Amino acid sequence: MASLQFWKPGTAGPGSNLDRATETEENIVPSAPTSSSLSLQAARERLPIFKHRQKLLYAVENHGVVILVGQTGSGKTTQLPQYLYEAGWAAEGNRIACTQPRRVAATSVANRVAAEVGTILGDEVGYTIRFEDVSDKERTRILYMTDGMLFRETLVDPLLSKYSVIMIDEAHERSIYTDLLLGVLKKIRRKRPSLRLVVSSATLDATAFLEYFTAGNSPDEATIVSLEGRAYPVEIAYLQEPVPDYVQKAAEVVWGIHMQQTPGDILVFLSGRDEIERCLELLAELLPTLPRNAKRLVLLALHAGLTTEEQLRVFEPAEKGSRKVIVSTNIAEASVTIEGIKFVVDSGFVKIRTYNPTNAMSSLTTTPISQASATQRAGRAGRTAPGVCYRLYTQRAYEALQPTTPPEITRTDLTTPILQLKSLGIDDLMKFEWVSSPPAESVLRALEGLVHAGMIGEDGRLTVVGEKVAECPVEVNIARMLFASKDYKCGEEILTIAAMTAIQDVFVIPEGAAGALAELERRKFTAEEGDHLTLLNGTVPSHQPFYTSLTTQCLAYNAFTRYGRSSSWCKAHALSFRAMSRAVSIRSQLKKYMQRFGLPLDSCEGDAKRLRKCLVTGYWRNVARWMADGTYRAVLHVHPHSVLFTRKPRSGWVIFHEMEETKKTQIRILTEIEPDWLLEHGHKYYDKHSGASVASQ
DNA sequence: GAGCACTGC
């Protein structure tokens, strides 16, 4: 490969008059010097945000909402809460909160700030995430938390009265909880004007947030403060012509960089596991052609399906005389930061989940990224030194991209969010001030489902059960089963099933020969009745597994707890230790809710029929009928992970946990049922003769 | 007979 066949804007090639200067100016700032060379205070003062300190405090003092524009590394997340603390905003028992979309961010930032403040974590500075509250009710002044946790707190403290200032960090990511929080906070500000908000955002979204908060309020309500930082420039290169196969092109570009360029690791963005593996294979084929004196090239994959150990390998520095190339999904765009990357290769694609409210179907499709996403990916090349980003698309294609990714709230099932808003007393959803309105059909679909599930009455208000379910951190259909377990006397088992369906990727199936072995391990766990019981099998308190054969996921749970919750046991049985440990946490959390709601923890004592009937109370809308061609009515395909993948259910009928469209329309986690059981639930919605369910119409 | 991007409570 003689040349990379790229042109670089501003140097040569067509259209070199690059007017998007921002693209080359990722405002990435070197990390602060360590306290060994400088005092802590001096290090803090060197951060770019420091010279804006007075301006920021003035803005918070005089405006209800401050939109803070500043890139990663400006120090906003660690410093602003401290400035506010030092300025007295946490006096008289008040707290300063800072929300993050991800758990790791909340914990790691809290750690750093506790060290800077000179306190033990959990004392003056703490964090709160699901299953972990490292904070002190009385003493904590600065609290980092996930946005989901703060939203949940509004259910018990609707005015968030403990907080004087709330900073919503990474608001431009527009996670569903960020959007819900912003809507609720705007409302709270009207009732409690002393509360101050700081909304931290990327440049592109700042005016939209400003308009949102000033709409219906005085123009003084909100203001924008921008922190410009020192930047390591990232040079952008585009393809001159589009390519038919970006995976192959990615491999070629990586190889070209390796042969020609100066030192520095390479990060490649592709859409999924399949593409990553193909790209790595292509590169592996080229390795033998490396000249003897050339640097070695270390090939690494990064995606969420890997074990923790495998993920950690990408952080190990490359050995002397070698270069790392990390081929990754979108996980490396915001969730995972790898230092030392100098070259980014961006395919321009991402897999995104969307929801179609008319058939309640979600799908996972490979789609072009947004310009904001492209900027973020490019920025990953310039965290510690100037870098280069190779975009595997033309500049014209870049210009045609959407400016930002549609917020999650516009492409997701709203059943749970709407139940929670209702629980906050927001009954008129049309009057709720959404930052971005969700599609009307999504709202209607969710309301309809909630009415039929008995969570909302004819008057549009929550029922008694609805109030309880709103508090419970599970999907509505699962909550319904938890409540029904009282009648079917199977609370113990339903609780496990609820926990196990809440986690993904219980089984780790590697590529190649190891994958085939893992597959055999998985079959040891199969329960004839289907996946839900398979999920359960392992934990059955009785002497023998009562479900005819062992199962995949369930065996998983019961056996996992029986064999001492060990990671080596998981490894031997192709299970994810991470996922299983999480299931244990979720189960104990849900158990507390069941106790609070007075739901007994009976065991069904091996009566699988009772258990399956209980499952129908939650899943009656998710019904499918087996057809002779091996598909289910409405042409649903069984996910290959299901134990019913190769087996016809005797009754011909199943219920399923979820349905998703990838290459085919697939249903996951199934259990065989008798069709008559359906008649007790929502018979209005189900036509016995056609076998069509609401979900598949 | 074949496969799921990433979060969060």
Side-chain angles (χ1 to χ4, degrees), chain A residues 99-106 128-133 145-156 170 173-181 269-277 302-306 328-336 347 349-354 362-367 369 373 405 407-409 411-412 416-417 419-420 469-475 478-479 498-499 502-511 515-516 518-519 522 576 579 582 585-586 589-590 593 629-631 637-642 644-647 658 660-664 666 668-669:
Chain A
T99 70
Q100 296 292 325
R102 281 172 292 279
R103 294 159 56 95
V104 270
T128 306
I129 61 178
R130 190 183 186 183
F131 308 129
E132 269 182 82
D133 182 6
M145 63 207 301
T146 45
D147 47 17
M149 281 305 281
L150 187 61
F151 182 68
R152 189 151 283 273
E153 197 166 335
T154 60
L155 295 177
V156 269
E170 314 290 357
E173 288 188 23
R174 304 294 300 276
S175 82
I176 185 149
Y177 285 116
T178 294
D179 270 31
L180 292 171
L181 261 180
F269 285 101
L270 296 176
S271 80
R273 179 176 160 168
D274 269 4
E275 289 180 5
I276 289 169
E277 275 156 11
L302 178 61
H303 55 82
L306 298 174
S328 171
T329 60
N330 216 34
I331 194 171
E333 188 179 303
S335 310
V336 170
S347 67
F349 284 90
V350 65
K351 267 188 195 159
I352 198 167
R353 196 182 172 127
T354 50
S362 64
S363 52
L364 198 62
T365 38
T366 305
T367 42
I369 58 172
S373 207
T405 309
E408 190 182 0
I409 203 160
R411 46 186 176 84
T412 194
T416 305
L419 184 68
Q420 290 173 333
V469 170
E471 284 178 54
C472 206
V474 285
E475 287 166 36
I478 305 284
I503 52 171
Q504 300 104 7
D505 306 319
V506 180
F507 286 91
V508 187
I509 311 282
E511 279 292 292
E519 196 71 24
R522 193 164 64 84
S576 160
R582 203 169 155 75
S585 299
I586 294 174
Q589 189 193 29
L590 294 180
Y593 281 95
D629 64 359
T631 65
H637 295 263
V638 183
H639 192 280
H641 278 183
S642 171
L644 292 181
F645 184 63
T646 52
R647 189 177 307 161
E658 64 183 357
E660 194 161 68
E661 202 171 12
T662 49
K663 281 175 194 159
K664 287 178 183 171
Q666 293 182 331
R668 299 187 60 223
I669 311 186

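Letters go in sequence order (proteins before strands), and every chain restarts at 1. Keep in mind it's a predicted model, so treat the numbers as computed, not measured.
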Q. Which of these, A:Thr412, A:Leu181, A:Thr416, A:Asp147, sits in a side chain to side chain contact (heavy atoms under 4.5 Å, CB included) with A:Ile176?
A.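 Exactly one pass, corresponding to A:Thr412.
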How long is the line joining [atom1] of [X] and [atom2] of [N], in whole Å?
{"X": "A:Leu306", "N": "B:dC6", "atom1": "CG", "atom2": "P", "answer": "9 Å"}
{"X": "A:Glu153", "N": "B:dG8", "atom1": "CD", "atom2": "C1'", "answer": "16 Å"}
{"X": "A:Leu590", "N": "B:dC9", "atom1": "CG", "atom2": "C1'", "answer": "10 Å"}
{"X": "A:Glu475", "N": "B:dT7", "atom1": "CD", "atom2": "C1'", "answer": "14 Å"}
{"X": "A:Met145", "N": "B:dG8", "atom1": "CE", "atom2": "P", "answer": "14 Å"}
{"X": "A:Glu408", "N": "B:dA5", "atom1": "CD", "atom2": "P", "answer": "17 Å"}
{"X": "A:Glu277", "N": "B:dA5", "atom1": "CD", "atom2": "C1'", "answer": "14 Å"}
{"X": "A:Leu302", "N": "B:dA5", "atom1": "CG", "atom2": "C1'", "answer": "12 Å"}

Q: Could you pick out which residue, A:Met149 or A:Arg411, lies toward the 5' side of DNA chain B when each is mapped onto its nearest nucleotide?
A: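 Checking each residue's closest nucleotide, the 5'-ward one belongs to A:Arg411.
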Q: Between A:Val350 and A:Pro101, just flag the one whose closest nucleotide in DNA chain B comes earlier from the 5' side.
A: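 Its nearest nucleotide lies further toward 5', so the answer is A:Val350.
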**Q.** Side-chain H-bond candidate by donor/acceptor type, A:Ser373 with A:Glu333, under 3.5 Å
**A.**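 Yes, a side-chain donor-acceptor pair sits under 3.5 Å.
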Whether [X] contacts [N] is assessed here as follows: a side-chain N or O lying under 4.0 Å from the phosphate OP1 or OP2. Is that the case?
{"X": "A:Thr146", "N": "B:dC9", "answer": "yes"}
{"X": "A:Thr329", "N": "B:dC6", "answer": "yes"}
{"X": "A:Arg103", "N": "B:dC9", "answer": "yes"}

Q.
When you measure from the side chain of A:Arg103 to the backbone of A:Thr146, do you find a donor-acceptor pair of N or O atoms at a distance under 3.5 Å?
A.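 No; zero donor-acceptor contacts below 3.5 Å.
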Q: From the options B:dA5, B:dC9, B:dT7, select the nucleotide whose nearest atom is closest to the side chain of A:Arg353.
A: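 Of all the options, the side chain of A:Arg353 is nearest to B:dA5.
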Q: Choose from B:dT7, B:dC9, B:dA5 the nucleotide whose nearest atom is closest to any side-chain atom of A:Leu364.
A: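 Nucleotide nearest to A:Leu364's side chain: B:dA5.
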Q.
Can you list everything that forms a side chain to side chain contact (heavy atoms under 4.5 Å, CB included) with A:Thr366? Sequence neighbours excluded, please.
A.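 Per chain and number, A:Thr366 pairs via side chain to side chain contact (heavy atoms under 4.5 Å, CB included) with A:Tyr246, A:Ser271, A:Phe349, A:Lys351.
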Q | Residues forming a side chain to side chain contact (heavy atoms under 4.5 Å, CB included) with A:Ala105, sequence neighbours excluded | A |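 A:Gln100.
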Q.
Over all strands shown, is A:Ile129 touching base, sugar-phosphate only, or nothing at heavy-atom distances under 4.0 angstrom?
A.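 If one applies the 4.0 Å heavy-atom cut-off, A:Ile129 turns out to touch the sugar-phosphate alone, with no base involved.
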